[in-house]
Amino acid sequence: MNAAEPAEEPLPGDDQQAGKPDGDGPEAAAEEATEPAEESNAPQDVWSARRDLRHHSPGIMLGSSAAIGGSLVAGDQHGVSGGQVVGDVILGSKTEIHYVGMTGPGYASGDLPQDVLARLTSPFAGCQTFDTTLELLRNERVVVLTGAPFTGRRTAALNLLRQAGASPVRILDPDTSPTALAHQLSDAQGYLLSDLITDHHQPLRESHLRAVQEKLAEHGGYLVITAGLHIVFEDTVRTTPWRPPTPATVLKAHLGTMVTEDRSTSLLGLGVTRDFLAREHQLREVVAFARKLAAHAHGETSAEELERFSLATVERQVQEWFDEESVSLHDKAFLIALAAFDEGPYALTAELSDLLYGFLLNIEAGGLRAKIPVFGTSIAKRLQLARAHLYPQNEHTEWGPVRQTKSAFLDNRTPMALLIEVWTGHPSSRPALVRWLKRLADDGRPLVRNRAAATAAVLAAADLPSAMALLIEPWAAARRYRFCLAAANALTLAHLLGTPNIPRILHDWCTSESGRIRWTAFRAYALLGPEIPVEALAALSGAARRTAPDEADEEEATELIQSTAVLLLSGAGSVVLRQLAGFLLDEQAVRDLALRAFLTACRQTEDDVEGARPDLLTWQARADATPGSEDARHLVTLWRAALSERTHTATALERLRFWVRQADSDPESEAALAGLFSSLAVTGPDHQRLSHLLRTVSGEHGGPPPPVADRLLAALTHRPVTTRS
């Protein structure tokens, strides 16, 4: 492949020679990311990009951070809830979890020893479904208990047989087919067939159960069959959906067999116990937690290990998904896509998981072309495997909110744990992930592009050197601004997740020889700057100081100004305002940056809502209402400088006209402007300039002057308002 003319890779399903090298790896990633775009390569403006990042990033990443929280009216600057999660996932000490049950080759088939049966069934928590099913078993002698894995179906089945007086219990071979079921019964009283397997060619029929009932009646026996949610059976077959007892009930029942009643009550009241029960844990995890609580009560487990146990169950589940051969590569691709698009539209997740599946299969099968079934994929089955759920919710789009069916893991810690496990525990998947994320970063949909960046941020938090080399650096150096934006977003989110050294990377990139890398650094400072405002402004002003006006790239110069303007309207606005006022004493390039950024910010409204009050005008009103406000003094200082400097005077006057029109039906804005004009009209020329502005300002679309102009002029000249002819 010629690096100067990189070829676009085929999508899964395109014609492709088996075994043909496809250029996976860091060099290919850099090549692909620098391909020239056929479409317009103009960068997305920083205001829209920040809004998209805020709307389309996973909620657990942003937490309550002000970095991407919108304008200065958007709340305080706090830490990031997601940082603790990813920090625990990466840095936390490992907690071993052992699930005790009847699994294993010893009890795959044959009689279950009585002592084992007693041990497995003694700490059982009953429920309404159990009572109903027990009555049905006594009457019909055979029941089919259906439900999701790890919901206690097998333990419930054993207890049903025990309560029915069926002893001993014989475990039937799990490969027993429905047609052979009656032939497996002999003179035992209790039988258990776990996870019956059926299909459309061999469904469970009523005739099979009738034959079983007749055989069981000969010896007074009972049979309980457990099956998954997707068992295939005739309509006339009666199945019983298993609705397990609540986790709290199961925890109390198991804990009661290990500690005294008083100690059990105390353990159940612990904050760590309440937090554990508040999450969607499987019953096997609840049982394991009961043992951990008992060990803690006996001084055998530390409080720290107890605190981390819940997260350890998430990590254990993720490891099981990717270690087990029973989970297909197609399903593993879906799990990864769901982690990247958690809380996103299900259809989009499924679509892009197929793309990833093709890339993974290319590695695993040596270039084999992916064959993806168009129909027949069960949504319920996929979500059951993933321990996820569907729910309706509005999704932000460029046209407004749109109702979507979204999918998300039941435990919001799963996405990060899963992505980290894949990236660090299964590095052979990296070339496929790099190709996949490259495609996502160049997608036309903002949600897709921003989730690519968010995924890269998680990977950087887990392994910064590899993520930088394979993803973020090639993106930052790319010709297409979409990739540069993805790199900036990834670094921003990585910092919010607690990844070290991100500010140092951005500082170094500001002096890079590559204009694209410098642009990426400026954009990242716009997004991340509210967390480090002084450092961000020092880097941006330093870049302005180093670049001569006649040498500045237009896009780069615009990005410098817009990034500084974004910082001014961020949660760190007061700090930035003070710094910009100080820049007026610096050299001309830095002074110009401060004034251009200030005047750019003057037109900006929250989320670009047309007709809304400009954010800076809101700030002006609030500052004027506070006697002795330092913000008010700095705002006036910047206005005076902009009006008095010939290069900026015309723009400053245009911004004031815009504010006057906005204040026509807004008394609070009008009061703020009256105070501002009074503070600006210090000299005779100042007074004349502002008076002329108010006399000549036109209305919207060149219409007649707004009435507020007369009122402001009267306040400025201390004369009664007169009606214009």
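Note that this is a predicted model, so its numbers are computed, not measured.
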Practice problem: Kindly determine whether Ser574 and Asp631 satisfy side-chain hydrogen bond (donor to acceptor under 3.5 Å, both in side chains), including the steps that lead there. | Solution: CA-CA 7 Å; Ser574 291; Asp631 285 358; 2.9 Å; yes

Practice problem: Begin with the C-alpha distance, continue with both residues' side-chain angles, and end with the deciding distance and a verdict on salt bridge (charged side-chain N to carboxylate O under 4.0 Å, His left out) for Arg591 and Asp586. | Solution: CA-CA 6 Å; Arg591 179 183 174 90; Asp586 210 313; over 6 Å; no

Exercise. Taking all heavy atoms of Ala490 and all of Ala456, pick out the closest pair and write down the distance.
Key: CB-CB, 4.0 Å

Quiz item: To the nearest 0.5 Å, what is the distance between CG (Leu527) and CG (Leu491)?
Solution: 10.0 Å

Practice problem: Find the distance between CD1 (Ile505) and SG (Cys510) and round it off to the nearest 0.5 Å. | Solution: 12.5 Å

Quiz item: Do Arg430 and Ser466 pass the side-chain hydrogen bond (donor to acceptor under 3.5 Å, both in side chains) test, and can you show the C-alpha distance, the side-chain angles, and the key distance before you say yes or no?
Solution: CA-CA 10 Å; Arg430 287 185 176 184; Ser466 295; 3.1 Å; yes

Quiz item: To the nearest 0.5 Å, how far apart are CZ in Phe483 and CG in Asp442?
Solution: 4.0 Å

Self-check item: Donor-acceptor contact present, side-chain Asn41 to main-chain Tyr481, <3.5 Å
Solution: yes

Quiz item: Taking C-beta and beyond as the side chain, do Pro392 and Gln404 meet within less than 4.5 Å on heavy atoms?
Solution: no

Quiz item: Does CZ belonging to Arg403 count more than 12 external heavy atoms closer than 6.0 Å?
Solution: yes

Self-check item: Heavy-atom side-chain proximity of Ile420 to Val318 below 4.5 angstrom
Solution: no

Self-check item: Donor-acceptor side-chain pairing of Asp342 and Asn412 below 3.5 angstrom
Solution: no

Quiz item: Within 45° of the ring axis of Phe658 and under 6.0 Å from its six-membered ring centre, is that where the NZ or CZ of Arg603 lies?
Solution: yes

Exercise. Check whether any side-chain N or O of Thr626 sits under 3.5 Å from a backbone N or O of Arg622 as a donor-acceptor pair, and report yes or no.
Key: yes

Quiz item: Can you name the one residue among Arg523, Glu535, His495 that meets side-chain contact (heavy atoms from CB on, under 4.5 Å) with Leu528?
Solution: His495

Practice problem: For the pair Tyr357 and His330, name the ring-plane relationship: parallel under 30°, tilted 30 to 60°, perpendicular over 60°. | Solution: tilted

Quiz item: Under 3.5 Å, is there a donor-acceptor pair linking the side chains of His56 and Glu395?
Solution: yes

Quiz item: Would Asp52 and Gln44 satisfy side-chain contact (heavy atoms from CB on, under 4.5 Å), going step by step from the backbone distance to the final call?
Solution: CA-CA 10 Å; Asp52 286 345; Gln44 184 183 25; 2.8 Å; yes

Practice problem: Indicate yes or no: at least one non-hydrogen side-chain atom of Leu53 is less than 4.5 angstrom from one of Leu493. | Solution: yes

Quiz item: Counting distance only, does the side-chain N/O of Trp619 pair as donor-acceptor with the main-chain N or O of Gly573 below 3.5 Å?
Solution: no

Exercise. Could you check His648 against Asp592 for side-chain hydrogen bond (donor to acceptor under 3.5 Å, both in side chains), going step by step and ending with a plain yes or no?
Key: CA-CA 9 Å; His648 305 290; Asp592 280 341; 2.9 Å; yes

Quiz prompt | Donor-acceptor under 3.5 Å (Trp475 side chain, Lys438 main chain) | solution = no

Quiz item: Side-chain donor-acceptor pair under 3.5 Å between Gln317 and Asp411, yes or no?
Solution: no

Quiz item: Taking the six-membered ring of Trp509, is the NZ or CZ of Arg518 close enough (under 6.0 Å from the centre) and on axis enough (within 45°)?
Solution: no

Self-check item: Tyr525 side chain to His507 backbone, donor-acceptor under 3.5 Å
Solution: yes

Practice problem: With rounding to the nearest 0.5 Å, note down the distance linking CG in Leu617 to CG in Leu635. | Solution: 10.5 Å

Practice problem: Please name the residue in the list Val590, Leu567, Leu568 that meets the side-chain contact (heavy atoms from CB on, under 4.5 Å) test with Leu580. | Solution: Leu568

Quiz item: Is Arg413 close to Arg279 at the side-chain level, that is, under 4.5 Å between some pair of heavy atoms?
Solution: yes

Exercise. State which residue, out of Gln393, His389, Glu343, fulfils the side chain to side chain donor-acceptor pair (under 3.5 Å) condition with Lys406.
Key: Gln393

Practice problem: Please report the shortest heavy-atom distance between Ile472 and Ala460, naming the atom on each side. | Solution: CD1-CB, 4.1 Å

Quiz item: Phe359 ring centre to Arg439 NZ or CZ under 6.0 Å, with the angle to the axis within 45°?
Solution: no

Practice problem: Look at the side chain of Arg382 and the backbone N and O of Ala350, then say whether any donor-acceptor pair between them is shorter than 3.5 Å. | Solution: no

Practice problem: Compute whether any side-chain donor of one residue and acceptor of the other, for Ser48 and Asp45, lie under 3.5 angstrom apart. | Solution: yes

Quiz item: Between His426 and Phe322, how do the two ring planes meet: parallel, tilted or perpendicular, split at 30° and 60°?
Solution: tilted

